[in-house]
Amino acid sequence: MSEKYELALTTQGPLYPPSEVMDGEGNFVVVGMINRPTTAGGTAPEWGAAVVSPASPVPEFGRLAPYTVVRELDTDPGGADRDLVLHTLPLPLPCNNYPMVFAPEQRPDADRVRRPSHAFHEVPIPDLRAQDGPKVVEPVTFGRWMEASGTLEVAVTPDGRSATFDFDFSRLVPDSVYTVMSLRARDLDPAGPTRPGPLGVPNVFTTDADGSGRYHATMPDPFPDPELPGANRIINVVVLWMSYQRSYGGAIGEFGLGGDIHAHLKLRGPSFRDLRTTR
């Protein structure tokens with residue numbers, strides 16, 4: 001059994017921080033679910049695109065509050081926001097309520113590290129020297145970001161014990177390191193979230209000068225029956241631009257959430273419901 005998907009453009013991981021990308025003024029550049037107020041006084045996420053203030057209220061993990069929207073974004077690659085230069089989030093991460101250490105062996109003190117926001121093309125890659133030939137040297141703009149596309153085909157193997165994931169990408173950020181992560185059903189569980197992990201190890205691909213790339217992974221039992229005790233199915237995949245141009249083994253990043261990884265493509269919501277695998 002196999003399924004095919006078109007991946008959606010995004011800048012967002014979970015809902016907090018609101019985005020994994022900022023502008024030069026320290027606002028979130030959000031393409032994804034926008035928490036908006038309802039007429040009944042509540043909050044409802046709606047897919048859209050907006051510049052969101054870092055002063056937005058931050059509820060406890062698992063709850064929602066309306067984002068403080070500065071303005072709506074023009075998502076057309078040639079539109080009014082095409083020249084907006086993209087930046088990393090500073091550390092500690094603003095508007096963050098996700099209680100997760102992403103690399104517990106490599107960076108257990110992630111919440112105590114302090115770094116400023118950097119334009120994507122100016123990230124201080126560790127040990128980099130000019131003579132080493134950095135490839136991302138021009139600003140990465142919102143218009144360029146919004147040109148990307150990707151497809152995914154997922155297939156259960158004939159023995160039913162594994163599933164293959166095959167991606168084809170175009171017009172990503174050229175000459176860059178990307179990784180692919182899996183999101184499982186319990187990774188955002190307020191009662192006790194599990195740690196998001198790579199979709200295969202190594203989970204790395206590099207784009208060519210046009211931003212094209214491919215990625216394949218075979219995952220053991222990614223779609224167990226959700227009624228089984230301890231089942232933690234893969235429900236989404238996220239394609240991450242790596243601002244420090246490296247991968248982190250069994251971790252998706254040292255800081256996650258825009259500190260060193262930046263969601264570029266994903267599925268808009270939980271998927272793969274009809275797929276089943278067994279041990």
Side-chain angles (χ1 to χ4, degrees), residues 1-14 19-21 29-33 47-49 73 75-79 81-82 84 86 120 135-136 140-156 163-184 187 196-219 222-223 233-243 245-248 252-253 256-258 260-275:
M1 186 174 184
S2 66
E3 296 180 349
K4 294 183 179 181
Y5 299 88
E6 293 284 338
L7 299 172
L9 283 158
T10 192
T11 61
Q12 186 181 61
S19 171
E20 297 182 348
V21 176
V29 178
V30 186
V31 178
M33 301 300 288
W47 193 272
L73 273 167
T75 59
D76 188 305
D81 290 306
R82 65 186 181 277
L84 184 68
L86 305 184
F120 278 0
K135 296 180 179 180
V136 180
V140 179
T141 63
F142 184 66
R144 184 66 181 83
W145 190 266
M146 296 303 293
E147 291 179 348
S149 65
T151 59
L152 166 63
E153 183 171 2
V154 184
V156 175
T164 57
F165 295 75
D166 286 281
F167 298 82
D168 195 357
F169 305 105
S170 61
R171 299 199 63 77
L172 294 171
V173 180
D175 295 318
S176 291
V177 171
Y178 275 83
T179 63
V180 184
M181 64 165 277
S182 64
L183 184 72
R184 294 181 182 264
D187 287 352
L199 188 82
V201 178
N203 64 331
V204 179
F205 68 96
T206 57
T207 53
D208 64 16
D210 297 319
S212 299
R214 301 177 70 89
Y215 182 71
H216 168 86
T218 300
M219 299 295 288
F223 307 123
R233 294 168 55 89
I234 292 178
I235 60 171
N236 207 331
V237 294
V238 188
V239 181
L240 305 167
W241 185 72
M242 308 302 287
S243 51
Q245 299 301 317
R246 56 180 179 169
S247 64
Y248 299 90
I252 60 171
L257 305 178
D260 51 2
I261 67 174
H262 311 273
H264 198 168
L265 295 168
K266 66 178 181 180
L267 300 170
R268 286 198 177 189
S271 302
F272 318 127
R273 293 182 181 88
D274 295 331
L275 298 178

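We're numbering straight along the sequence, starting at 1.
In this structure the side chain of K135 never reaches within 4.5 angstrom of the side chain of S176, judged on heavy atoms. Using a 4.5 Å heavy-atom cutoff, the side chains of R171 and R144 are in contact. With contacts defined as side-chain heavy-atom distances shorter than 4.5 Å, the pair T141/L86 does not qualify. Side-chain atoms of W241 and L172, non-hydrogen and from C-beta on, never get closer than 4.5 Å to each other. Side-chain contact between P198 and I252: present, with at least one pair of heavy atoms (C-beta onward) separated by less than 4.5 Å. Contact check for V21 versus F142: no side-chain heavy atoms found under the 4.5 Å cut-off. By the 4.5 Å heavy-atom criterion applied to side chains, F223 and D274 are not counted as neighbours. Between L257 and E20 there is a side-chain heavy-atom pair separated by less than 4.5 Å.
For the atom pair M146 CE and R82 CZ, the distance stands at 14.5 Å (nearest 0.5 Å). To the nearest 0.5 Å, atoms NE2 (H262) and CG (L240) are separated by 9.0 Å. Between the NE2 atom of H216 and the CG atom of D168 there is a distance of 14.0 Å, given to the nearest 0.5 Å. Rounded to the nearest 0.5 angstrom, T75 OG1 and L9 CG are separated by 8.5 Å. Residue H264 holds its NE2 atom at 5.0 Å from OH of Y178, rounded to the nearest 0.5 Å.
Sorted by first and then second residue, the salt bridge (Lys or Arg N to Asp or Glu O under 4.0 Å) pairs involving residues 4-14 (not counting sequence neighbours) form an empty list.
Applying the side-chain contact (heavy atoms from CB on, under 4.5 Å) test between F167 and each of T151, L265, V237 identifies V237 as the sole match.
A distance-only check finds no donor-acceptor pair linking the side chain of R268 to the backbone of W47 [under 3.5 Å]. With hydrogens and angles ignored, the 3.5 Å screen pairs a side-chain donor or acceptor of K266 with a backbone N or O of G13. In this structure, Q12 contributes its side chain and M33 its backbone to a donor-acceptor pair below 3.5 Å. For S19 (side chain) and V29 (main-chain N/O), a donor-acceptor pair under 3.5 Å exists by modelled atom type. Side-chain atoms of T10 never come within 3.5 Å of backbone atoms of G32 as a donor-acceptor pair (strictly under, hydrogens ignored). A donor-acceptor pair is defined here as one N or O able to donate and one able to accept, closer than 3.5 Å; no such pair exists between the side chain of T179 and the backbone of N203.
The 12-atom threshold is not exceeded at CZ of R214, counting heavy atoms of other residues, nucleotides or ligands nearer than 6.0 Å.
For F169 and F205, the gap between ring centers is short of 6.0 Å.
Nearest heavy atom pair, residue L199 against residue Y215, reads O-OH, 2.5 Å. Taking all atoms of both residues into account, the shortest heavy-atom contact from A263 to W145 is O-CZ2, 3.3 Å.
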Please lay out, stage by stage, how V204 and V177 fare under the test side chain to side chain contact (heavy atoms under 4.5 Å, CB included). CA-CA 7 Å; V204 179; V177 171; 4.0 Å; yes
Working note: L267 + F272, criterion side chain to side chain contact (heavy atoms under 4.5 Å, CB included); need CA distance, chi angles, decisive distance, verdict. CA-CA 10 Å; L267 300 170; F272 318 127; 3.6 Å; yes
Decide yes or no on ring-ring contact (aromatic ring centres under 6.0 Å, His included) for Y5 and F165, but give the supporting numbers first. CA-CA 11 Å; Y5 299 88; F165 295 75; 9.5 Å; no
Go through the steps for I261 and M242 under the test side chain to side chain contact (heavy atoms under 4.5 Å, CB included), then give the verdict. CA-CA 5 Å; I261 67 174; M242 308 302 287; 3.4 Å; yes
Could you go through L183 and I234, starting from their C-alpha distance and side-chain angles, then the distance that decides it, and tell me whether this counts as side chain to side chain contact (heavy atoms under 4.5 Å, CB included)? CA-CA 6 Å; L183 184 72; I234 292 178; over 6 Å; no
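Side chain to side chain, S149 and S170 meet the donor-acceptor criterion of an N or O pair below 3.5 Å.
For V156, the side-chain contact (heavy atoms from CB on, under 4.5 Å) partners two or more places apart in sequence, or in a different chain, are L275, T277.
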